[in-house]
Amino acid sequence: MRIATWNVNSLRSRIDRVEAFLDRHDIDVLAVQETKAREDQLPLMGLQARGYEIAAAGVDQWNGVAIISRVGIEDVAVGFPGMPGWGEPLAAEARAVGATCGGVRLWSLYIPNGRKPDDPHYVYKLDWMDRLRDAAQAWLGEQTALVGDWNVCPTDEDVFAPEQFKNSTHVTPAERAAFQRFLDDGYADVVRPYCPGPGVYTYWDYYRQRFERNRGLRIDFVLGSPSFADRVTGAFIDRDERDPAQGTGSPSDHAPVVVDLD
DNA sequence: ATGGTAGGGTTCCTA
């Protein structure tokens with residue numbers, strides 16, 4: 001089974017690239033973030049024609065997430081118990097959707113950006129991560145994958161210019177500690193062993209030709225529970241999908257991350 | 001300290 005995660009920065013404007021990506025790499029399950037579409041706006045026709053089903057966090061928000069699967073989608077959950085806003089009508093901005101696909105419990109996540117370290121959104125980000133951690137501890141015994149845009153660079157090696165990010169979100173000790181706690185609990189970054197750094201990123205800002213100069217960040221991760229990690233046989237970051245010179249239409253600012261399971 | 005690009009929730013806001 002082959003799974004992937006990709007912050008597409010609008011599913012509607014990226015649908016041609018998404019469909020081409022699914023075809024090219026023979027993807028079974030794709031978790032997407034920043035769908036920027038209501039449920040009634042999702043571009044389903046091409047996906048359904050390819051045999052995929054979709055589970056989306058059904059609110060009107062730019063941070064929306066979804067899971068696209070051709071190996072079944074069961075037990076869909078919008079948000080997780082304890083998530084800030086969980087159970088409320090808008091489900092806390094729909095930053096998390098979980099489903100069981102082909103025996104794997106997959107969570108498509110958009111961790112709050114944080115905006116600025118002195119912004120209330122930064123406090124919300126740290127709280128959100130801790131609440132996710134609380135819930136995720138209960139899933140360690142299952143085949144669980146926490147995938148998506150974490151908006152955290154775990155080490156200086158994951159930032160093209162650490163000195164430029166000194167007073168920015170994504171690299172603060174508190175964010176790194178919040179990320180590290182998932183690893184301490186037993187979740188593993190299953191991609192890094194196959195994509196060693198430095199200079200390996202998943203996101204490049206649109207401006208200043210950051211991609212062309214490989215000035216990026218590594219912020220998209222697949223964290224696997226032990227029984228999930230045991231099944232991983234390979235992984236890669238599809239940099240070509242971030243290349244404006246390749247494919248149809250403009251690219252997302254993130255590249256997809258692909259993981260193979262036995 | 002600022003600005004640069006992309007997408008939508010648009011003539012501004014978020015990333």
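Protein chains get the first letters and strands the later ones, always in sequence-line order, with residue 1 at the start of each.
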Between the protein and nucleotides 4-6 of chain B, are there any N/O to N/O pairs under 3.5 Å, and if so, what are the atom names and distances?
none

Using a cut-off of under 3.5 Å, enumerate the N/O to N/O pairs linking the protein to nucleotides 11-13 of chain B.
none

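Between the CD atom of A:E39 and the P atom of B:dG9 there is a distance of 15 Å, given to the nearest Å. When the P atom of B:dG7 is taken as reference, atom CZ of A:R17 falls 10 Å away, rounded to whole Å. Distance A:N167 CG to B:dA1 C1': 12 Å, rounded to the nearest Å. The NZ atom of A:K125 sits 14 Å away from the C1' atom of B:dT14 (whole-angstrom rounding).
Salt-bridge check for A:D127 with A:R131: passed, with a basic side-chain N closer than 4.0 Å to an acidic carboxylate O. Contact check on A:D118 versus A:K116 returns no salt bridge, with no Lys/Arg side-chain nitrogen under 4.0 Å from an Asp/Glu carboxylate oxygen. Using a 4.0 Å cut-off between charged nitrogen and carboxylate oxygen, A:D185 and A:R133 count as a salt-bridge pair. Salt-bridge formation is not detected for the pair A:D149/A:R95: no Lys NZ or Arg NE/NH1/NH2 atom is positioned less than 4.0 Å from an Asp or Glu carboxylate oxygen. Using a 4.0 Å cut-off between a side-chain N of Lys or Arg and a carboxylate O of Asp or Glu, A:R192 and A:E157 qualify as a salt bridge. Using a cutoff of 4.0 Å between basic side-chain nitrogens and carboxylate oxygens, A:D23 and A:R50 are scored as salt-bridged. A salt bridge is absent between A:R210 and A:D253: the closest approach of a Lys/Arg side-chain nitrogen to an acidic carboxylate oxygen does not fall below 4.0 angstrom.
For A:Q41, the listed nucleotide lying nearest its side chain is B:dG9; candidates were B:dA15, B:dG7, B:dG9.
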Task: Intra- and interstrand pairs of DNA chain B - dot-bracket, Watson-Crick/G-U under 3.5 Å, | marks other strand - done: ....(((.....)))

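For the C1' atoms, the distance linking B:dG3 with B:dA15 amounts to 15 Å, nearest Å.
Residues A:H121 and A:S13 each lie close to DNA chain B; by heavy-atom proximity, the contact nearer the 5' end of the strand is made by A:S13.
Between A:F165 and A:F160, the two ring planes are perpendicular [angle over 60°; tilted spans 30° to 60°]. Using the six-membered ring where Trp is involved, A:W150 and A:F182 have ring planes that are perpendicular, over 60° apart on the 30 and 60° scheme.
When the shell of 6.0 Å around CG of A:D184 is examined, it contains more than 12 heavy atoms from other residues, nucleotides or ligands.
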